[in-house]
Amino acid sequence: MALAEDLAKQQKSISVAEFFEKNKHLLGFDSPVRGIITTIKEAVDNALDACEEAEVLPDIFVSVRKVSPDAYRVAVEDNGPGIVPENVPYVFGKLLYGSRFHQIRQSRGQQGIGISAAVLYAQLTTGTPAAVVSRTSAKVPAHRFSLMIQTETNEPQVLEHEEVAWDRTHGTRIELEFTSSLAARKRLIDYLKYTAVVNPHARIRVEIDGEATTFERVSDEVIRSPQAIKPHPHGIELGTLKRMAAAMPDVTLEDFLVESFSRVGKKTAEEIAGAAGLPHRARMRDFGAEAQKALLAAMQSVHVPAPPMSQCLSPIGEELITQGLEKEFQLDFVKARTRPPSVFSGHPFVVEAAIGYGGKLTSDGTAQVMRFANRVPLIYQQGACAVTNAVSNVNWKNYGLSQAGLPNGPVLILVHVASTNVPFTSESKDAVASIPEVEKEITLALQDLGRELKAYLSRRDRNRQQEDRARAVCAVMPAIAEKVAEIVERPVPDISAIEGRIMRRLVARKSVRDGRVQIDVQNHTHTDLALVIYDISSDAGEGAEPKPDFVSDLDGEFTRVWNCALGPGEGWHAAYPGRGGGMLDVRGVDEAKKVVMHL
């Protein structure tokens with residue numbers, strides 16, 4: 001008995017802030033390197049959500065500044081609607097405080113943990129309070145707060161509060177100082193770059209120790225903010241059902257089902273009541289635990305149409321995904337797909353995917369996989385994510401790519417899962433859990449894109465074959481003409497008409513004769529062409545005829561540029577003293593319709 005009494009004296013409740021203080025790894029603050037990325041992620045997510053709810057184009061500023069050998073000061077500023085002064089301490093100084101937890105709609109943040117967890121991490125590592133400035137309108141002053149979290153009670157502690165001058169008419173700025181490292185600087189830049197890809201309506205400016213980078217928006221269209229919907233009968237659990245029933249004791253079962261759940265009308269409500277063996281006119285207070293269990297089973301078994309997806313979800317869209325990728329990556333090929341909405345366990349979701357090939361992507365190693373959930377990049381735990389598993393399980397060899405798990409080559413694969421309840425594997429929201437319905441939709445989207453990629457690669461290979469044949473013809477025919485003319489002792493004939501019938505392309509040749517570089521361009525197409533001709537070599541090219549429109553010298557390498565217009569069958573010629581070599585290129589004509597040769 002004495003032991004039990006001693007143990008009883010030691011037992012006490014703990015606050016949620018105390019719990020996360022000792023288990024900060026659950027929220028993504030498991031190391032100084034990762035802490036800085038998680039902090040910026042949470043602040044940027046909040047900024048984007050706020051701007052979308054206010055229907056303004058996001059303009060976000062991120063600053064990372066080293067203030068001591070092992071401490072950094074991070075600031076994130078947005079042009080959102082701001083926060084009323086009374087709520088600022090709770091938004092940033094109280095865990096599990098937010099506006100989205102009880103709403104069933106797509107959003108980046110939901111639990112009300114992220115940014116307050118960053119405040120907690122800052123005060124744990126440096127003891128420095130968070131500084132918050134917020135303004136809701138040009139008609140009212142900005143308010144500046146200095147605050148911390150009282151971990152014993154999970155309540156905010158306001159150290160300072162004052163009105164200040166601020167150049168923004170509305171918005172919020174938070175500054176945090178904590179022990180960290182910029183060893184993951186590239187990963188931080190990649191996170192912001194990926195955020196810009198899936199949020200093409202946002203402009204993000206970044207300053208890291210004085211080095212500035214800007215990710216410009218590619219769309220001036222304000223995206224529609226998702227609207228909250230009622231819960232779906234297939235996504236309800238017994239505890240939730242009991243709580244909802246207790247809140248409406250005097251309502252009939254029929255009215256309870258119709259008013260509390262989406263896609264349930266009177267006919268469906270009567271069907272559910274019949275399947276449960278319960279009178280649909282009875283009051284909710286008349287049903288005990290067994291009746292509620294029967295009601296839940298009936299709700300799961302009766303067919304109910306899917307939730308109103310267009311209302312609660314906000315997918316990016318194929319066009320904007322493509323524009324975002326083309327802005328941040330130089331690709332030869334890019335396609336995107338948005339799958340039709342689907343449902344898992346009563347939760348609506350949409351899968352979007354894109355694939356890019358070539359350009360400046362590295363050709364060595366495996367494909368670059370970009371994972372997103374509700375427009376938020378997933379940077380960590382790639383191997384534990386259902387997205388990665390789905391990509392690996394696709395047979396990419398069928399689509400012209402080599403594969404060892406992930407596909408190989410200059411390939412970029414993007415997958416975005418948008419849902420009212422993304423099934424993450426943990427509170428840190430680093431990876432999507434393996435849900436069969438979600439994995440199926442990802443696979444179908446990737447297979448569709450794989451077919452598009454295969455068609456592109458086939459066209460590219462055919463064009464290469466045609467170009468190789470064209471090069472062979474262009475290289476051989478002049479030599480044959482010269483030999484024939486020599487044999488018959490006649491002048492070398494003009495073979496341009498024959499070339500034109502065979503080639504039907506623009507042909508550009510660069511050669512050296514008697515110490516002079518010769519550039520010949522012949523238009524064998526049926527269209528008028530406005531061309532820009534680039535010639536780069538170590539030759540100074542003085543006395544070139546015709547005179548170039550532009551000449552530059554960079555470390556002994558000269559660039560000459562001519563502009564010319566050629567009609568069908570017309571040609572252009574330039575010459576200058578030199579040894580040749582270097583590079584010749586012609587712009588203003590489709591790549592598939594030109595042949596450039598160095599003879």
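We're numbering straight along the sequence, starting at 1.
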Return a table of donor-acceptor pairs under 3.5 angstrom between the side chains of residues 55-63 and protein atoms on other chains or two or more places apart.
none

Run the side-chain donor-acceptor check on residues 355-369: report pairs under 3.5 Å with partners two or more places apart or on a different chain.
| from | atom 1 | to | atom 2 | distance (Å) |
| --- | --- | --- | --- | --- |
| T362 | OG1 | D364 | N | 3.4 |
| Q368 | NE2 | Y194 | OH | 2.8 |

* Residues Y191, K186; criterion side chain to side chain contact (heavy atoms under 4.5 Å, CB included); working and verdict -> CA-CA 9 Å; Y191 159 74; K186 182 181 182 302; over 6 Å; no
* Could you go step by step and tell me if R144 and E163 meet the salt bridge (Lys or Arg N to Asp or Glu O under 4.0 Å) rule? -> CA-CA 6 Å; R144 184 185 185 280; E163 294 183 357; over 6 Å; no
* To do: Start with the C-alpha distance between V198 and I321, add both sets of side-chain angles, then the distance that settles side chain to side chain contact (heavy atoms under 4.5 Å, CB included), and finish with yes or no.
  => CA-CA 6 Å; V198 294; I321 292 176; 5.8 Å; no
* To do: Tell me, with the steps shown, if E328 and K193 meet salt bridge (Lys or Arg N to Asp or Glu O under 4.0 Å).
  => CA-CA 7 Å; E328 300 300 339; K193 181 178 182 178; 5.1 Å; no
* **Verdict with reasoning, E439 to S434, per side chain to side chain contact (heavy atoms under 4.5 Å, CB included)** => CA-CA 7 Å; E439 291 183 308; S434 295; 3.6 Å; yes
* Step by step, would you call V304 with H232 a side chain to side chain contact (heavy atoms under 4.5 Å, CB included)? -> CA-CA 8 Å; V304 180; H232 192 270; 3.7 Å; yes
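Between V91 and S116, the shortest heavy-atom distance links the atoms O-CB, 4.2 Å. Residues H143 and P141 share a closest heavy-atom pair of CD2-O, 3.4 Å. Heavy atoms only, all atoms of each residue included: P85 and P89 are closest at O-CD, 3.4 Å. In terms of heavy-atom proximity, E207 sits nearest to A212 at CG-CB, 4.1 Å. Residues Q123 and T151 share a closest heavy-atom pair of NE2-CG2, 4.1 Å. Summarising the geometry of I413 relative to P407, their closest heavy-atom pair is CD1-CG, 3.8 Å, with the distance given to 0.1 Å.
Side-chain atoms of T388 come within 3.5 Å of backbone N or O of Q382 as a donor-acceptor pair. Of the possible polar contacts, one joining the N393 side chain to the N389 backbone as a donor-acceptor pair under 3.5 Å is found. Between the side chain of R205 and the main chain of T213, no donor-acceptor pair closer than 3.5 Å is present. Of the possible polar contacts, none joining the R187 side chain to the D190 backbone as a donor-acceptor pair under 3.5 Å is found. When atom types are taken as modelled, the side chain of T125 and the backbone of T179 share a donor-acceptor pair closer than 3.5 angstrom. Using a distance-only test at 3.5 Å, with no hydrogens or angles considered, a donor-acceptor pair links the side chain of T38 to the main chain of R34. For the pair H201 (side chain) and E52 (backbone), a donor-acceptor distance under 3.5 Å is absent.
Considering only heavy atoms from C-beta on, I442 comes within 4.5 Å of V387 through its side chain. Counting only heavy atoms from C-beta outward, the side chains of S419 and P348 never approach each other to under 4.5 Å. Proximity of R371 to C385: side-chain heavy atoms (C-beta onward) are separated by under 4.5 Å at one or more points. Residues L48 and N199 meet the side-chain proximity criterion, which asks for heavy atoms closer than 4.5 Å. Using a 4.5 Å heavy-atom cutoff, the side chains of N87 and V84 are in contact. The side-chain heavy atoms of S342 and F349, taken from C-beta on, include a pair separated by under 4.5 Å. For the pair Y380/I37, a side-chain contact is recorded, criterion being any heavy-atom separation below 4.5 Å from C-beta on. L325 is listed as a side-chain neighbour of L412, based on a closest heavy-atom distance under 4.5 Å.
We find that D209 and K66 are not joined by a salt bridge, their nearest charged nitrogen and carboxylate oxygen being 4.0 Å or further apart. Ionic pairing of R375 and E352 is not present here: no N-O contact between side-chain nitrogen and carboxylate oxygen is shorter than 4.0 angstrom. Taking the charged nitrogens against the carboxylate oxygens, R203 and E216 do have a contact shorter than 4.0 Å, which makes a salt bridge. E318 has no carboxylate O lying under 4.0 Å from a charged side-chain N of K335, or vice versa, which leaves the two without a salt bridge.
The 12-atom threshold is exceeded at CD of E162, counting heavy atoms of other residues, nucleotides or ligands nearer than 6.0 Å. The local environment of NZ in K230 is crowded, with over 12 non-hydrogen atoms from other residues, nucleotides or ligands closer than 6.0 Å. Taking a 6.0 Å sphere around NZ of K440, one finds it holds 12 or fewer heavy atoms contributed by other residues, nucleotides or ligands.
To the nearest 0.5 angstrom, I36 atom CD1 is 15.0 Å from K41 atom NZ. For the atom pair CG (L401) and CG (N408), the distance works out to 8.5 Å, reported to the nearest 0.5 Å. The distance from the CZ atom of F145 to the CD1 atom of I83 is 9.5 Å, given to the nearest 0.5 Å. We find the CD-CG distance between Q381 and D430 to be 4.5 Å, quoted to the nearest 0.5 Å. Between atom CG of residue L453 and atom OH of residue Y399 there is a gap of 10.5 Å, rounded to the nearest 0.5 Å. With rounding to the nearest 0.5 angstrom, the CD1 atom of I174 is 4.0 Å from the CD1 atom of I115.
Note on residues 68-91: pairs passing salt bridge (Lys or Arg N to Asp or Glu O under 4.0 Å), not counting sequence neighbours, are R73-E175, R73-E177, E77-R168, E77-R173.
Listed by chain and residue number, nothing satisfies the ring-ring contact (aromatic ring centres under 6.0 Å, His included) test with F329 (two or more places apart in sequence, or in another chain). Residues passing the side chain to side chain donor-acceptor pair (under 3.5 Å) test with H347, sequence neighbours excluded: N421. Under the rule for a side-chain contact (heavy atoms from CB on, under 4.5 Å), the partners of A418 that lie at least two apart in sequence or sit in another chain are Q106, N374, H416.
No close placement of the F178 and Y72 rings is indicated, their centers lying 6.0 Å or farther apart.
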